[in-house]
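The block underneath contains the structure these notes are about, expressed in structure tokens.
In this text, all values refer to a predicted model and were calculated from it rather than measured experimentally. Residue numbering restarts at 1 for every chain, and letters A, B, ... go by the order of the sequence lines.
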Number of protein chains: 2
Amino acid sequence: MRTVYEKADVVPMIAEIFRDLGYEGTSLSRITERTGLGKGSLYHFFPGGKEEMAATVLAEVDGWFERFVFDPLRRDDPAQGIATMWAAVDDYFRSGGRVCLVGAFALDETRDRFATAIRGYFARWIEALRDALARAGRDPDEAALDAEEVVLGIQGALVLARALGDPAVFTRTLDRLKRRV
Amino acid sequence: MRTVYEKADVVPMIAEIFRDLGYEGTSLSRITERTGLGKGSLYHFFPGGKEEMAATVLAEVDGWFERFVFDPLRRDDPAQGIATMWAAVDDYFRSGGRVCLVGAFALDETRDRFATAIRGYFARWIEALRDALARAGRDPDEAALDAEEVVLGIQGALVLARALGDPAVFTRTLDRLKRRV
DNA sequence: ATTTGAGTTTACCAAACGGTACAGAAAACG
DNA sequence: CGTTTTCTGTACCGTTTGGTAAACTCAAAT
């Protein structure tokens, strides 16, 4: 039997594996068994191997947030952009049942490999939110601190929710941050 | 040449490696080269191999926090216990230059292996802080939420500080949390 | 009908993985 | 002193790692 895939279908599958297992924990054999693609296909799509797979996945996550979070924050009117962000974030992280790939990569030495992508993701998020808050009338200095607090709070909530095995920590934190800004 | 170590000396070294590289990223050869201990010595101290090394390290971290953070929170008068916590946390995480081993383990599949240790660490921290806040006169429900916010804020700050390569995020967050409780 | 080329399968490779076995060196202890 | 216990160095084991090579399949374009 022969099944044919397209790259667009396979990237989200690989993303989920990296999210679950981390960069080092993700082996080609794990990818093979969970996607059904043999090494040949994998290396056809990603000639650069594992590192290119991770970079592609990172770029896709970044693209998703750029489209559904950062851009609305920049383009829409502040209140609506921020409302869009809350919904998108809650949806993306499955209300605390899913972890942040970028955050996970940031913690171990994987960070060095993808430093600029990781830094860019968080920097653009904070910046977009900070500007939206400022446009909504918040004092600029306060807006910067609040934006940082929100992004960091989301990451912390994901860590804690996962550690305690209790996704409610995430939704509770999202509500609290929502009320605060 | 022959150099002799004691287990007590070697655990912190291994802890630092796990912190840097994560569980999967830490290989025996890396441990060997960074500690100077051969496999023979390693398996003499930790017959259970890599998993026992990680478990031991996790227990040591837990013990440190139990001693210098959780216990003061429980025994000292609330205000002083909390003050001790801020100092210990800032010190332990090198003002944002170091990452939380337990938090890092919580994110990937390593969590499953050490689930109870990881959950216990965070649960006891939150509980001790919550009770201290309650004893200080804070409304019990508020105290519970604040305790959660503090622990999660610290974890998020570590993630963000590392992601941005900017430890100041951590100290700034610590100050903000300090002011809030 | 033939060519083409993206996508797949299978078999391989050297290196590194976690782990084991064991002989010997150094302390500890009688 | 001699013996026992603790610790270390080295060689080895089977398995898995990331990666390569090349033969193959099959739909679409010519």
For a quick test of reading the model: is some side-chain N or O of B/H44 closer than 4.0 Å to OP1 or OP2 of D/dT8?
no
Distance, rounded to the nearest Å, where B/E52 contributes CD and C/dT20 contributes C1'
15 Å
Atom CG of B/L42 and atom P of D/dT8: how far apart are they, to the nearest Å?
10 Å
Within a strict 4.5 Å, meaning less than it, do heavy atoms of the A/E24 and A/D108 side chains meet?
no
Against the side chain of B/Y43, the closest entry in C/dT9, D/dT8, C/dG18 is C/dG18
Here the distance between atom P of C/dT8 and atom CG of A/D9, to the nearest Å, is 10 Å
Transitive ILVMFWY cluster of B/V99 at side-chain heavy atoms under 4.5 Å: who else is in it?
A/V99, A/L107, A/V159, B/L107, B/V159
Remember a base hit wins even if backbone is also touched, and classify B/F45 as base, sugar-phosphate or nothing at under 4.0 Å, heavy atoms.
sugar-phosphate
Rounding to a whole Å, what distance do you find between B/F46:CZ and C/dT20:C1'?
18 Å
Between A/T84 and A/F68, is there a side-chain heavy-atom distance shorter than 4.5 Å?
no
Tell me, please, which residues at least two apart from A/Y43 pass ring pair (Phe, Tyr, Trp, His ring centres under 6.0 Å).
none
Here's one to test your reading of the geometry: is the NZ or CZ of B/K50 within 45 degrees of the ring axis of B/F18 and under 6.0 Å from its centre?
no
Is there side-chain contact between A/T173 and A/V169, with at least one heavy-atom pair below 4.5 Å?
yes
Which residues within residues 11-40 of chain A lie with some heavy atom under 4.0 Å of an atom in DNA chain C?
A/G40
